[in-house]
S.K.: 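Handing you a structure now.
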Amino acid sequence: MIDLNSLTISSAREALKARKFSARELMEASIQTIKDKDSDIHAFLEVFEDALGLADEADKKIKEGVDLPLLGVPIALKDNMLVSGHKVSAGSKILENFTAPIDSTAVRKLKDAGAIIIGRTNMDEFAMGSSTENSSYGPTKNPIDPTRVPGGSSGGSAAAVASGMVIGALGSDTGGSIRQPAAFCGLVGLKPTYGRVSRSGLIAYGSSLDQIGPLVKTVSDAEILYDVLKGQDPMDSTTIGDQSYPKKKDFKKIIGVPRSFVESEGVSPEIKKNFQETEKRFRDLGYEVRDIELEHLRFSLSVYYIVALAESSSNLARFDGVKYGLHVDGDNGIDDYFKTRGAGFGQEVRRRIILGTYVLSSGYYDEYYNTALKVRKLITDEFRKVFMEVDLILTPTTPTSAWKMGEKSTSPLEMYLEDIFTVPANTTGCPAISLPSGHEEINQIKLPLGIELTADLGREDNLLKAGKEFLGEK
Ligand code: GLN
């Protein structure tokens with residue numbers, strides 16, 4: 001059987017083209033690995049029954065000489081992207097039996113590029129969380145150490161790739177949900193610039209923050225998927241073309257480090273040590289690494305947890321027991337609504353709807369939501385300025401390595417603090433990538449660590465260039 005651990009998307013494509021193996025054999029290897037490993041890991045919520053048949057169709061096309069960037073490659077999807085005719089639940093009971101009526105734009109683009117959607121992966125309910133423990137269908141485990149979390153909310157996608165069940169997956173990132181699980185599972189995770197990838201058919205969390213992106217093993221694979229996914233889409237008016245980004249300036253290999261932010265308390269000594277090594281590695285690669293000041297950066301977490309929750313309370317109002325999914329009968333319409341939402345939403349989702357509604361309520365709107373928007377603007381302006389001086393901003397991806405399952409689930413605030421380094425890219429709309437940067441050894445297990453590069457709006461090219469150099473890819 002093909003060992004998926006030794007394959008990347010690009011090497012699989014080469015092998016498929018050279019007929020070293022068929023798309024069917026590749027799909028069978030994926031499905032078999034899922035059968036062998038997923039009862040322990042629980043990365044998948046469903047493997048699609050049509051996947052093998054679609055692999056045969058891909059084989060036919062390969063024989064006819066068709067060449068597409070993802071032809072015959074199985075891709076796993078986080079369970080919040082619509083695939084026509086298949087179930088999609090956002091990890092929630094409220095959508096347990098909901099079948100998608102259309103393809104999301106991301107899925108349509110994958111299909112057009114020849115990819116085969118193998119199934120849907122586990123996630124924190126409605127993408128709210130950093131550990132995949134908030135799924136209504138049970139947690140996913142970290143394949144490197146199954147006593148630990150894989151990160152979240154795209155933990156199923158990360159675990160699926162890291163355990164060799166698939167060679168590529170998509171996640172969504174509202175405040176770090178692609179990058180943080182990538183860091184915890186030793187993968188590359190890319191969050192594109194806000195507006196780069198269409199959100200049409202992505203179940204919304206925070207609409208001004210959400211982006212779809214790849215979870216893969218190499219920067220080259222991230223690039224392949226990113227190239228397929230990006231582009232303006234009439235179905236999502238927030239997608240914009242290249243002409244709308246700041247004028248491109250030359251890549252001068254200058255990296256800025258927001259020093260006080262990186263050294264703040266709560267960042268573990270191992271992460272700090274790994275960060276120093278990372279800085280050195282970049283210097284050895286010919287980069288200039290300099291300290292930068294981002295005065296309002298420390299407020300990004302608060303801004304994020306106001307804006308994201310406000311937007312989610314509004315987005316989730318549509319789950320009313322009438323339009324989609326679960327319906328619980330009450331005494332009247334209003335009672336139906338309460339009963340349906342009470343039964344369908346998990347604890348964290350309810351907490352966030354309540355908090356989000358609170359910050360939007362008339363008495364508190366100015367104090368919280370409006371203030372958060374103003375600070376968001378300050379942070380964004382600071383980033384604009386800093387990117388006149390540097391090409392990239394470097395931070396760790398996470399303040400700690402993967403924690404033990406259950407360790408933070410009783411303290412939401414502790415869990416929120418884990419997002420400190422990832423949320424700035426979403427609040428500012430900037431693209432960011434997490435790269436594997438080393439390990440922390442605990443009880444003879446090497447837990448992966450990640451570093452994060454952030455670039456100016458529309459400058460994914462800089463992330464990919466630096467990422468490839470850092471990982472020694474061509
Ligand atoms: N952990 C963050 C949250 O819970 C980010 C989640 C995400 O990016 N979807 O909101």
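Counting starts at 1 for both ligands and their atoms, in listed order. The first residue of the sequence shown is numbered 1, and numbering continues consecutively from there. Since the structure is predicted, the reported quantities are computational estimates derived from the model, not experimental observations.
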S.K.: Can you spot which of Lys109, Arg108, His86, Lys111 makes a side-chain hydrogen bond (donor to acceptor under 3.5 Å, both in side chains) with Asp103?
M.R.: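 So, applying the side-chain hydrogen bond (donor to acceptor under 3.5 Å, both in side chains) to Asp103 and each of Lys109, Arg108, His86, Lys111, only Lys111 qualifies.
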S.K.: Got an N/O contact under 3.5 Å between Gly176 and ligand 1?
M.R.: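 Between Gly176 and ligand 1, an N or O pair is found under 3.5 Å apart.
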S.K.: Using a plain distance cutoff, I'd like to know if Thr174 has any nitrogen or oxygen under 3.5 Å from a nitrogen or oxygen of ligand 1.
M.R.: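 The answer is yes, given that Thr174 and ligand 1 share an N or O pair closer than 3.5 Å.
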S.K.: Counting only heavy atoms closer than 4.0 Å, does ligand 1 sit against the backbone of Arg352, its side chain, both, or neither?
M.R.: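 Within the 4.0 Å criterion, Arg352 contacts ligand 1 through side-chain atoms alone.
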S.K.: In the protein, what heavy atom is nearest to atom 5 (C) of ligand 1, and what distance, to one decimal place, separates them?
M.R.: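 Minimum-distance protein heavy atom for atom 5 (C) of ligand 1 reads Tyr304 OH, 3.3 Å.
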S.K.: Heavy-atom contacts with Gly129 under 4.0 Å: which atoms of ligand 1 show up? List them by number with element.
M.R.: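 Answer for ligand 1: 1 (N), 2 (C), 3 (C), 4 (O), 6 (C).
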S.K.: Decide whether the shortest distance between a heavy atom of Ala308 and an atom of ligand 1 is less than 4.0 Å.
M.R.: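 Judged by the 4.0 Å heavy-atom criterion, Ala308 does not count as contacting ligand 1.
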S.K.: Answer yes or no: does atom CZ of Phe251 have more than 12 heavy-atom neighbours from other residues, nucleotides or ligands under 6.0 Å?
M.R.: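 More than 12 within 6.0 Å, yes.
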S.K.: If you measure every N or O of Ser172 against every N or O of ligand 1, does any of those distances drop under 3.5 Å?
M.R.: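 By distance alone, the answer is no.
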S.K.: Can you figure out which of Asp419, Asn426, Val423, Asp210 has its heavy atom closest to atom 2 (C) of ligand 1?
M.R.: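 The nearest heavy atom belongs to Asp419.
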S.K.: Is the centre of the Phe275 ring less than 6.0 Å from the centre of the Phe421 ring?
M.R.: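 When the ring centroids of Phe275 and Phe421 are compared, they turn out to be at least 6.0 Å apart.
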S.K.: One thing to verify: whether Lys191 and Asp173 come together as a salt bridge, which I'm taking to mean a side-chain N less than 4.0 angstrom from a carboxylate O.
M.R.: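 The answer is no: the pair does not qualify as a salt bridge.
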S.K.: Under the 3.5 angstrom rule, does the side chain of Ser10 hit a backbone N or O of Asp221 as a donor-acceptor pair?
M.R.: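 It does not hold such a pair.
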S.K.: Within the 4.0 Å heavy-atom shell around Ala127, which atoms of ligand 1 are there?
M.R.: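 Close to Ala127: 6 (C), 7 (C), 9 (N).
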S.K.: When you measure from the centre of the six-membered ring of Phe470, is the NZ or CZ of Arg281 closer than 6.0 Å and no more than 45° off the axis?
M.R.: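 That pair qualifies as a cation-pi contact.
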S.K.: State, with a plain yes or no, whether a side-chain heavy atom of Thr395 is found less than 4.5 Å away from one of Pro258.
M.R.: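 Yes, side chains in contact.
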S.K.: Indicate yes or no: at least one non-hydrogen side-chain atom of Ile167 is less than 4.5 angstrom from one of Val73.
M.R.: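 Yes, side chains in contact.
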S.K.: Quick check on Tyr305 - does any of its heavy atoms sit under 4.0 Å from an atom of ligand 1?
M.R.: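 Contact check Tyr305 vs ligand 1: positive.
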S.K.: Identify the closest protein heavy atom to atom 9 (N) of ligand 1: which residue and atom is it, and at what distance?
M.R.: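 The answer is Ser177 OG, 2.7 Å.
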S.K.: Mind listing the closest non-hydrogen atom pair of Ala162 and Pro143 along with its distance?
M.R.: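 Heavy-atom minimum between the residues: CB-CG, 3.8 Å.
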S.K.: Can you name the atoms of ligand 1, numbered from 1 with element, that are less than 4.0 Å from a heavy atom of Asp173?
M.R.: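 Near Asp173, meaning under 4.0 Å from one of its heavy atoms, ligand 1 has 8 (O).
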S.K.: If the cut-off is 4.0 Å to any non-hydrogen atom of Gly175, which atoms of ligand 1 fall inside it?
M.R.: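 By the 4.0 Å cutoff, the relevant atoms are 5 (C), 7 (C), 8 (O).
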